[in-house]
Amino acid sequence: SQQGEEDPQALSIQEGENATMNCSYKTSINNLQWYRQNSGRGLVHLILIRSNEREKHSGRLRVTLDTSKKSSSLLITASRAADTASYFCATAPLGGQGNLIFGKGTKLSVKP
Amino acid sequence: NAGVMQNPRHLVRRRGQEARLRCSPMKGHSHVYWYRQLPEEGLKFMVYLQKENIIDESGMPKERFSAEFPKEGPSILRIQQVVRGDSAAYFCASSPFQTSGTSGGTQYFGPGTRLTVL
């Protein structure tokens, strides 16, 4: 069954604005990861947050995790046209064998 | 430090033919995962392998699909007697250790193989 569900499905903003994407999941997890995929390309790992962490930063990225609500958010600050891509959250289920469960993604468009 | 490599990048097959997709993990990685992505969808897990062992194939269709990761050489995802519904992008990922463990870990993805079945 689908684990991660991103919201919104699509987001269009102007360069310089912040972009916030949300992810909800259903079962207990070991960690949650965010990936970026440019059109027709492979996935690029952005950031991993463990189940015992609440917030993590990496450059212009800020990820939060609320295990009580089974949700996470990805904030991209001061967006650039090059941030245009699809963003996926992926969860590593607790007790799982190693597979990640992906949502359908948020398609972000940053207009110059 | 080469990343995960997949070949071919694009593969066209006619219905009933066989498709072989190859994945070479990052150097030092012994865990390989295969995922399938349909257009406008997220990735769906298919199979998780370590060298010479299938650890989890719960996402793999029971028929026509098989995967291996031999002691030497790349991991192979094999699809026999392809049908149009097999058309998708197939991604391979690798990690140095099990992703779900408490030590956790990132999976590093290859560029994918786009399979088109005519």
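Numbered from 1 within each chain, the chains take letters A, B, ... in sequence-line order.
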**Study point:** Distance in Å, A:Asn99 CG paired with B:Gln107 CD, rounded so as to fall on 0.5 Å steps
**Key:**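 The distance works out to 8.0 Å.
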
**Study point:** Approximate separation, where rounding is to 0.5 Å, of B:Leu38 CG and A:Lys104 NZ
**Key:**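 B:Leu38 CG to A:Lys104 NZ: 10.0 Å, rounded to 0.5 Å.
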
Practice item. Answer yes if the side chains of B:Gln37 and A:Gln37 hold a donor-acceptor pair under 3.5 Å, and no otherwise. Key: yes

Check your understanding: Does B:Tyr35 use its side chain to pair, donor to acceptor, with the backbone of A:Leu100 at less than 3.5 Å?
Key -> yes

Review point. Has A:Arg54 got more than 12 heavy atoms of other residues, nucleotides or ligands less than 6.0 Å from its CZ?
Key: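 Atom CZ in A:Arg54 is packed in, count exceeds 12.
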
Do [X] and [Y] share a hydrophobic cluster (ILVMFWY, side-chain heavy atoms under 4.5 Å, transitive)?
X: A:Leu108; Y: A:Leu75; result: no
X: B:Met60; Y: B:Leu21; result: yes
X: A:Ile76; Y: A:Ile49; result: yes
X: B:Leu115; Y: B:Ile76; result: no

Check your understanding: Checking A:Gln9 against chain B: side chain, backbone, both or neither under 4.5 Å from a heavy atom?
Key -> neither

Check your understanding: With ring centroids as reference points, do A:Tyr35 and B:Phe109 lie under 6.0 angstrom apart?
Key -> yes

